[in-house]
Every structure is written in structure tokens, then in C-alpha cells.
Amino acid sequence: MSRCRRAIISVVVGLAAAIAPHDMSASWANTLGTTYYVATTGSDTNNGTSLGTAFKTTTKCGTVAVAGDACLIRGGTYRETVRPASSGVTFAAYSTEKPVVSGATPVTGWSLWQGSIYRASVTLDAGYDATPMPGNTQLAANQIFASGRMLPEAQFPEPGPDPVWPAWAKLDSATLDPATNPPLGSPRTGNLLDSDLPNLPPLSGSVIYFTGNWTALSGTVTGNTAGSLDFTIPESSPALYPSDPTGDKDYRVLGNLSLLTQPNEWFYDSSAEQLYIMTHGSVPTGIEAKRRNYAFDLRARSNITVSGIGVNAATVITDDTSTGINLDGINGTYLSHFETQQYDSALPRNGVYEAAHRADTGIILRGSGNSITNSSLAYSAGGGVALAGNNNSAENNLIRDVGYRATYTGGVTMFGLSTGQSVQHNTIYSTGRDGINIVTGVAAQQEFQGNRIAYNNIAQFGKLTKDLGGIYTCCSMDWSTSRIDHNTIHHSAGNLRNGIYIDNGSYNAQIDHNVTWNTARGLFVNGSSTPGMLVYNNTFAEDPVTSSSIRALGANGTSRFANNINTANTTYGTPPAAQIDHNIDQTTDPQFVAPARGDFHLASGSPAIAAGVAIAGVTVNSSGQADVGAYEWGDNEWRAGCSFSGCQPQQPVSVDDSVTGTVSGTFQYNGTGWSHCSSCSGSATLYNGTNSWSSTTGDTATFRFTGTSVELYGVVNSQNGLAGVSIDGGTEELIDYYAPTRSGNRLLWTADGLANTVHTLTVRVTGTKNAASTGSTITIDRVAYPPPAPPAAVSVDDSITGTGPGSFQYTGSGWSHCTSCANGIQMYQGSNSWSSTTGNTATFTFTGRSASLYGVVNSQNGIAGVSIDGGPETFIDYYSPTRIGNKLLWSSDGLTKATHTITVRVTGTKNAASSDDVITLDRAVYQP
């Protein structure tokens with residue numbers, strides 16, 4: 001099989017303008033400015049220039065460091081906002097340690113208030129503030145953590161065990177007054193009816209939050225009785241109103257102490273400055289409250305590098321003047337949080353689409369020439385990355401569990417008038433709305449030209465809203481010279497979730513070499529007139545019964561659909577105005593390799609082989625006539641998604657309660673009280689129509705599995721009690737199986753962050769219950785856990801030399817090596833190898849399916865030629881205005897599992913900005 005090669009920083013296509021090589025007169029490693037150190041055990045009265053005299057805060061280092069200096073940060077938690085005084089500074093993790101800059105602060109001083117509710121005096125933000133681009137301490141909503149995990153705010157309905165994806169109530173009907181639209185931004189008065197809404201205490205003044213349609217709405221509760229609730233919401237988009245037949249029908253109510261009825265929930269009384277938390281009876285421990293929005297404030301700064309640093313309960317912000325910001329290897333969690341929609345009367349429909357926390361959530365990259373690479377970002381109420389400005393990039397990142405408040409955001413959120421933006425090689429999954437979102441309804445901003453969205457793996461999108469896409473753009477956006485290519489988009493989270501969605505008359509998009517499956521439509525082009533749609537060599541492998549491959553009624557003029565595989569229905573309009581040729585449609589079996597496991601390569605003998613037409617700039621085939629579909633047979637192999645551990649989203653393994661045994665992946669029921677049924681009364685609400693239950697105190701159910709997380713699902717009911725749940729014999733957590741109405745297949749408990757080994761989950765019948773329950777029954781429905789992880793990637797330091805697999809060989813007289821380098825703690829294992837002698841080579845041999853090269857970039861580094869197994873070279877630019885070690889520069893995947901050799905050649909060339917042509921190796925990583 002042939003190979004896919006990609007450069008992560010920049011690929012030099014032509015070298016005609018390169019400057020001739022020259023010798024290096026001094027060690028490049030000693031040309032930096034001052035290196036400062038930061039440690040939680042340090043002091044800000046120190047000089048910071050050694051480990052023994054480290055500063056205590058990164059803020060202090062940022063105030064003294066000037067251009068060319070570096071702040072190296074030891075492991076630990078730093079509760080601060082870093083605002084560098086100067087541009088050109090590097091902030092990096094010391095060695096392999098893992099520092100975290102946190103926006104949260106511990107809360108102590110708890111006392112029992114009543115029952116099992118404790119309270120503490122603490123000054124927090126009032127919350128429920130949707131001000132765009134808020135100040136550092138102006139929180140959109142309060143956020144509380146226990147041992148690093150977000151706790152849900154007290155609300156109706158009970159949120160369940162996953163605060164990121166809580167339960168929602170569903171209204172029966174709603175009305176809204178006045179019947180005619182008031183002035184934009186004016187409140188509208190409404191009433192909803194919900195037969196499951198209990199007679200709660202007065203909720204006036206509480207927040208009500210609606211979702212379920214295109215985006216969320218929020219307003220204020222004005223009154224409530226059993227089954228009925230009055231509210232006001234701002235005037236916005238009528239199609240979203242809960243009174244509209246297709247409007248938002250799901251809702252939550254929060255912001256009232258009376259809703260604090262379940263353990264591990266909280267409420268904050270801003271007037272009394274009291275934080276309340278309900279527990280299972282013990283004093284709260286490990287509680288933190290978010291206090292700051294920003295971990296790094298890089299507005300009006302340039303050429304700042306942040307590398308290998310964790311960001312928790314906060315984010316990183318830039319502005320329109322920021323340039324050359326490089327965020328690399330960031331581990332970001334709980335980036336942004338809000339509980340109210342963001343309106344803006346200056347925008348169409350009161351900003352419910354264009355404001356909507358799009359620009360001020362997630363990692364915020366504005367300006368130009370900024371990037372986020374090799375990073376893991378998880379948990380944001382809005383987007384994962386807000387990519388505005390021009391010539392910015394988000395590449396090789398893992399982005400998950402974002403958009404959990406259902407506004408018009410995506411894993412990556414992009415904006416009109418941007419050019420030169422690059423979103424490539426990211427894995428994006430578990431989103432409330434889109435995987436990647438590009439939207440504006442403002443006529444003056446409806447251009448999106450010269451941008452590329454490529455090699456992204458997008459899955460499990462659209463968990464809370466509908467009429468959306470893995471990649472979604474709207475409205476009347478001109479995509480001239482922009483391209484959507486080589487993306488895999490699959491497993492949408494519900495109905496009306498399209499793979500690629502070009503909405504409301506957007507046009508001039510080139511869409512090629514994408515693969516979609518398990519979505520509502522592979523490609524939806526919506527609009528009465530959408531010229532310039534160039535749709536080539538895609539595989540829209542959708543279900544012919546429940547989905548469609550292409551729906552493009554308005555594609556006309558210069559539009560063309562060619563070389564596509566469509567396994568489901570296609571609709572182009574009657575008669576089609578676009579050019580449609582060389583496609584394989586649902587009447588022909590394309591003969592994929594293994595579609596059941598998501599492998600849509602062509603099998604030998606497929607009718608798609610050599611059935612296509614060559615298209616300039618799109619079809620690249622070295623073996624003959626072009627094929628049909630996204631994968632050329634035996635040629636131009638490619639793979640989407642990021643390249644580090646955890647980058648491939650996996651569908652969890654679900655095991656029904658009826659699967660029993662003594663081996664891993666089975667249940668064991670211990671005790672005399674267990675009952676089981678396989679065709680249970682009301683079984684439509686149960687997983688596989690089965691469940692197992694007991695009310696005998698001391699009975700247990702155990703489940704053995706191998707994995708890093710597990711989810712327990714059961715049946716809640718009015719006669720159910722409290723279970724003790726534990727993992728590997730650890731501390732039990734009490735889980736309440738009570739609910740006023742019966743519901744099956746209900747997520748009740750989760751554990752994550754486990755070691756990837758064998759674990760035992762134990763559920764114990766305690767014989768206890770809450771006061772509202774009539775019994776103490778515990779019911780098991782299923783368990784879900786991730787599939788076995790692939791073999792761990794292997795990292796090999798540049799200092800490991802030899803002739804066999806897993807080692808480097810350096811050829812030529814110009815190589816230098818150091819193992820305790822000046823400022824070497826920025827490098828992998830503190831070592832690196834470098835040469836500026838033209839023709840010198842370094843080879844790395846490995847046995848596996850993929851490999852990546854990491855090096856050191858710097859202002860005096862040049863261009864390397866990189867090849868694999870003697871194939872064509874790819875030219876990689878090692879230049880950067882600021883020095884960064886352990887930097888991912890090149891990767892090759894989609895290889896056959898065999899022994900391969902990577903060759904790195906010193907070309908003796910450089911780009912015009914560099915002062916020399918040094919090539920530096922730091923490590924290689926390969927996947928066995």
C-alpha cells in the first residue's frame with residue numbers, strides 16, 4: 001500500500017528562492033535569551049534564573065521576561081491569569097512535568113445548613129451574564145468542581161450523573177404573547193404545559209433554558225404551578241419559540257435553592273454570598289469554584305509560545321492585533337461555561353445565531369498567523385476553538401464534549417471575512433451542535449474565501465439540536481477558493497444531522513475526497529440557487545432506507561457532481577441544472593473493503609476502479625485512470641483525524657444485564673434476591689427489553705471489564721432505593737434510583753480516568769431509600785465501556801542509536817548531539833541532535849503502521865527533506881521566530897504493518913526569515 005505524508009508546520013513546495021547554505025559558527029542552543037523557572041514551591045522575590053531560585057507564579061515570570069526569554073514551569077496547579085508584559089516570550093512545561101494554569105479557586109469553611117446540605121461563605125460572580133468578550137472575572141455563569149469534576153447546578157429536571165450532558169424536560173405545548181412580533185429585543189410572555197412538571201416551590205426569577213431545534217433560547221420564569229410554567233424570553237427567531245410546531249421543546253429550570261434536592265448538586269445565593277452543596281452526608285471536600293475566565297491573556301501580544309501546559313476552568317484569549325501566537329500541546333478542560341443564551345440586538349434575529357457565545361468561548365484565536373496544535377480540548381458550553389481573523393490554524397487537535405449548552409457553535413467555530421484559515425487533522429466528537437461551524441447572517445460578512453477544512457475526523461455531533469452538520473455553513477456564504485476535503489464524518493447523534501451541510505444559499509464550495517456514513521444526508525446543499533458547487537470524489541456511504549447521499553435541489557450554473565459514490569438516494573432538482581457525471585449511485589454495489597467497521601476503501605474488483613474522470617487539481621493517481629470515490633485503489637492513501645493517543649473516537653461497547661458469566665464483559669449476580677426478565681412489562685423503555693433487580697440488602701451485582709471508563713445504566717422508579725456503587729473495591733458512592741415516573745436505560749453513574757486494565761464494577765443493594773420512595777429496589781439495565789484501546793504509541797528519543805528497529809542512525813560528519821543541553825528541558829528527555837551540513841541524513845527504522853517526527857524549531861533553522869522507504873521527499877520548514885522543542889513536524893500514516901525507514905536529509909536551504917539552515921531531531925513516535 002502506498003503512503004500518506006503530511007507536514008504539520010509548513011511544507012515547502014518550491015525551493016527556487018531558498019538562500020544558499022552556510023556554516024554555523026556557534027552552538028545554536030546558546031543563542032536564546034534568559035531562561036526563568038517557575039515552581040509552586042518558589043517565591044516571587046527570587047530571581048527565577050535557576051530551579052533553586054524559581055518564581056512562585058507564572059504571572060511574575062511574565063512580568064520580567066522580554067522577547068527571546070523563556071519561562072519553564074514545573075508541575076503543579078497555578079491559580080492565576082498570565083498576562084505577559086512583553087511579546088516574544090515562551091511559556092513551556094519543564095521537562096516532562098505537567099503544570100496546569102487554573103481559573104478555579106478552592107472553597108473551604110463548610111458548615112451543615114440542613115439535612116445533608118452544607119454551605120460556605122464565598123464571594124463569587126452573580127452569574128447568568130451573557131456579555132460578549134467578558135472581563136477576566138465577569139463570569140457568564142458560576143461553575144463548581146469536586147475533585148476536578150464539574151458538578152451540576154441544582155435544576156429541574158434532575159440532571160443525572162453527567163453534568164455536561166444533563167437530562168432535559170420535554171414540554172407538551174406552549175403559547176407565546178403577543179401574537180405579533182414586538183420590537184427586536186423586547187421580551188415575549190409565554191406559558192408552557194408539561195404533565196410531568198411537579199408542584200415545585202415558587203420559581204419566579206429562575207432561569208429557563210430551551211433547546212431542541214436549531215439553537216438555544218433562555219429567559220426568566222415568572223410563575224409556576226403543577227404542570228404549568230410562565231416565562232418571558234427576548235424576541236428573536238420565531239422558528240425557535242417553544243410555541244412553534246418545530247421550535248425548542250426541551251427545557252431546564254435553574255437558579256433556585258428549592259431545586260437543590262440531589263447529592264452532588266449546588267446553588268449559589270449571590271445576595272448572601274453563600275454556596276450550598278448537597279452531599280450524601282459528609283462534609284464537602286475538594287470543592288473549587290471558577291473565578292477567572294482566562295488562563296493566558298495574550299491580547300495585544302505577538303510571537304508568544306505556550307507549550308505543554310494544562311489549562312483548566314479557563315481558556316486562552318487573543319485579539320485582532322495578536323500575531324504569531326503558538327499554542328502547542330495544550331491540555332484544556334472546562335474551557336468555557338454559561339447558562340444563558342447570548343443575544344445582541346445589533347445582529348439579525350437578536351443575535352441568537354451570530355452572537356450565541358460563538359466568539360467568546362473555547363480557545364479564542366483572532367488576529368493573524370496564530371495556531372493551536374497537538375492539543376487536547378474537552379468540555380466547553382460553547383465552542384472548542386473560536387478561529388477568527390486570517391491565516392490562523394487549528395491542526396492535529398483532539399476536541400470533544402463541546403457545545404453542551406446547544407448554541408450555534410462547533411468543535412471549531414469560524415467566521416465570515418476570514419481568509420487563509422486552516423483546520424486540518426483534528427478529531428472532533430461529542431458536540432451539542434456542529435463539528436465545525438461557519439455562520440453569518442450579516443450581508444457584509446458573507447465571504448469565506450481561501451480557507452481549507454481537511455483531514456478532520458468528525459463524529460457523534462448534534463447531540464442537543466437538529467438541522468445541522470458535521471461541517472455546517474450558513475448563510476449565503478461565498479466559498480470561492482475555499483475547500484472541504486479529506487474529512488471523515490460519521491455517526492451523527494440523531495435525526496436531521498447532515499454530514500456536510502451547505503445551508504441557505506451558500507455557494508462556490510469545493511467539496512472533495514470526503515467520506516460520510518451514519519448521517520441523515522451525506523451532503524445537503526440547501527437553497528434555490530447555489531452555483532459553483534464542485535463536488536468531486538466523495539464517498540457518501542449512507543443507509544439507502546433511512547438516509548440520502550446527496551440532496552442539492554438548487555445546485556446550478558457552474559456546479560458539478562463527479563466521481564462520487566452514493567449508496568443512498570440523490571436529488572439534484574428536476575431537471576438537474578448542474579453537471580452530473582461519472583458517479584456510482586445506489587443501484588450499483590461499490591464493493592467496499594469493510595463498511596461495517598468504517599472502511600470504505602475499494603475492494604479489488606470494485607466497479608469504481610478506473611471508472612472516474614481526471615479532474616485537474618483534484619484527482620492524483622499514479623496508476624491509471626481516476627477511480628470513483630474518496631479513496632483511490634492502491635494509491636494516495638490518507639487518514640483523517642489527529643495522530644496522538646485517543647484521537648480515534650470509539651463507539652462504546654454496551655453489555656445487557658442478561659449477559660452473565662465469570663469472564664470479562666459479563667455480569668455476576670450475588671445473593672438470593674435477584675430477579676430477571678427478558679420480556680418485561682413496559683419493556684420498550686429498557687435496553688434490549690430486559691432488566692435485573694433486587695431489594696434484598698447486601699445483594700450485589702458485579703461487572704468486569706477492561707477499559708479507561710465505564711457507565712452504569714438502570715431503571716428509575718417511584719419504588720426504587722439507594723445503591724452503593726464502587727470500582728475495584730474502592731470507596732462506595734451512593735446512587736439514588738428513585739424517580740417519580742419509571743424510566744429505563746437511564747445513565748446513573750460513570751467513572752473515567754481509569755488505568756487501561758481490568759476493573760470490577762460493584763453495585764450493592766443498601767436497603768435504604770430517600771423519603772419520597774416507597775421501596776428500596778435496585779435495577780440493572782446495562783453497562784457501557786470503551787472498546788479495547790490500540791497498542792500504545794512508542795516514543796524513541798533522538799539519543800537512541802543503532803541499526804535495528806526503534807533506533808536512529810546519523811550519517812555524515814556534521815551531526816552534534818547533547819543530552820544535557822542548554823535550555824534542554826524544553827526538549828523531549830532534555831536531548832536533541834542537529835546538523836547544518838548539506839547532505840547529512842538521519843534515519844529512523846520502526847515496525848508499525850504510522851510514525852511521527854518531532855524536532856526543535858528556531859529562528860536559525862532550515863528546511864529538511866523527509867521521505868519514507870525511499871519514496872519522494874516532503875520538504876519541512878524547521879523555522880520558527882521563537883524556539884520550541886518536542887514539536888510535531890511530520891507524520892505518515894495508513895502504512896502497511898511492516899518495517900519502515902524514515903530519512904531526514906539536511907538540504908542546506910532555508911526560508912528568507914531564517915538566519916541559518918540547522919535541522920534538529922528530538923524524537924520519533926510510532927504506532928506498533
Side-chain angles (χ1 to χ4, degrees), residues 110 112-119 144-155 157-163 166-167 259-267 276-287 657 667 669-671 673-674 691-703 709-740 742-744 746-754 759-783:
W110 296 97
L112 185 64
W113 179 54
Q114 63 180 35
S116 57
I117 299 177
Y118 289 77
R119 65 181 178 181
I144 305 300
F145 303 90
S147 301
R149 187 182 180 103
M150 184 174 93
L151 297 180
E153 187 170 355
Q155 59 195 268
E158 299 302 338
D162 189 346
L259 299 175
L260 185 55
T261 61
Q262 294 294 316
N264 296 320
E265 295 180 6
W266 62 272
F267 169 78
Y276 297 82
I277 291 182
M278 177 177 278
T279 73
H280 288 290
S282 58
V283 177
T285 58
I287 304 299
D657 65 283
F667 286 91
Y669 297 95
N670 309 297
W674 287 103
N691 74 129
S692 303
W693 68 95
S694 175
S695 60
T696 302
T697 302
D699 277 6
T700 62
T702 60
F703 180 81
S709 64
V710 66
E711 297 176 337
L712 172 65
Y713 292 76
V715 180
V716 294
N717 205 351
S718 59
Q719 60 201 42
N720 287 5
L722 296 171
V725 182
S726 61
I727 196 89
D728 297 334
T731 303
E732 275 192 340
E733 184 175 351
L734 291 177
I735 305 300
D736 198 341
Y737 276 64
Y738 168 82
R742 183 171 181 268
S743 176
R746 180 79 174 266
L747 177 60
L748 294 170
W749 182 87
T750 64
D752 53 22
L754 305 174
H759 301 282
T760 300
L761 168 68
T762 301
V763 182
R764 182 177 65 89
V765 181
T766 67
T768 60
K769 63 183 185 67
N770 72 40
S773 179
T774 61
S776 56
T777 301
I778 300 303
T779 308
I780 308 294
D781 202 355
R782 68 170 166 127
V783 158

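Values below: all heavy atoms of this structure, side chains included; hydrogens, waters and symmetry mates excluded. In this text, all values refer to a predicted model and were calculated from it rather than measured experimentally.
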Distance from [X] atom [atom1] to [Y] atom [atom2], nearest 0.5 Å?
{"X": "S694", "Y": "R764", "atom1": "OG", "atom2": "CZ", "answer": "12.0 Å"}
{"X": "I144", "Y": "W266", "atom1": "CD1", "atom2": "CH2", "answer": "5.0 Å"}
{"X": "I735", "Y": "L712", "atom1": "CD1", "atom2": "CG", "answer": "8.0 Å"}
{"X": "L260", "Y": "E153", "atom1": "CG", "atom2": "CD", "answer": "10.0 Å"}
{"X": "D657", "Y": "R782", "atom1": "CG", "atom2": "CZ", "answer": "11.0 Å"}
{"X": "I778", "Y": "W693", "atom1": "CD1", "atom2": "CH2", "answer": "14.0 Å"}

Can any side-chain N or O of [X] pair as donor or acceptor with the backbone N or O of [Y] at less than 3.5 Å?
{"X": "N770", "Y": "A772", "result": "yes"}
{"X": "S718", "Y": "S773", "result": "no"}
{"X": "D736", "Y": "L722", "result": "no"}
{"X": "N720", "Y": "T779", "result": "no"}

| request: Could you check whether the rings of W113 and Y276 sit parallel, tilted or perpendicular, using 30° and 60° as the cut-offs? | output: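 Perpendicular, since the angle between the ring planes exceeds 60°.
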
| message | side-chain contact (heavy atoms from CB on, under 4.5 Å) for N264 and E733? Distances and angles first, verdict last. | response | CA-CA 11 Å; N264 296 320; E733 184 175 351; 3.5 Å; yes

Would you indicate whether the side-chain heavy atoms of [Y] and [X] approach each other to under 4.5 Å?
{"X": "I117", "Y": "F267", "result": "no"}
{"X": "I780", "Y": "F667", "result": "yes"}
{"X": "W749", "Y": "V710", "result": "yes"}
{"X": "I277", "Y": "Y118", "result": "no"}

| message | The test is side-chain contact (heavy atoms from CB on, under 4.5 Å); show your working for L761 and H759 and say whether it passes. | response | CA-CA 7 Å; L761 168 68; H759 301 282; over 6 Å; no

| query | Between D781 and R746, does a side-chain contact (heavy atoms from CB on, under 4.5 Å) hold up when you go through it step by step? | reply | CA-CA 8 Å; D781 202 355; R746 180 79 174 266; over 6 Å; no

Grab the two heavy atoms, one from [X] and one from [Y], that are nearest each other, plus how far apart they are.
{"X": "G724", "Y": "T766", "answer": "N-CG2, 3.5 Å"}
{"X": "Y713", "Y": "L747", "answer": "CD2-N, 3.4 Å"}
{"X": "Q262", "Y": "E158", "answer": "CG-OE1, 2.8 Å"}
{"X": "A723", "Y": "V763", "answer": "CB-CG1, 4.0 Å"}
{"X": "V283", "Y": "W110", "answer": "CG1-CB, 4.0 Å"}
{"X": "T279", "Y": "P284", "answer": "CG2-CG, 3.8 Å"}

| Do R149 and T750 have side-chain N/O donor and acceptor atoms under 3.5 Å apart? |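 Present: a donor and an acceptor within the cut-off.
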
| message | Run the side-chain contact (heavy atoms from CB on, under 4.5 Å) test on T777 and N717 for me, step by step, so that the C-alpha distance in whole Å, both residues' side-chain angles and the decisive distance to 0.1 Å come before the verdict. | response | CA-CA 9 Å; T777 301; N717 205 351; over 6 Å; no

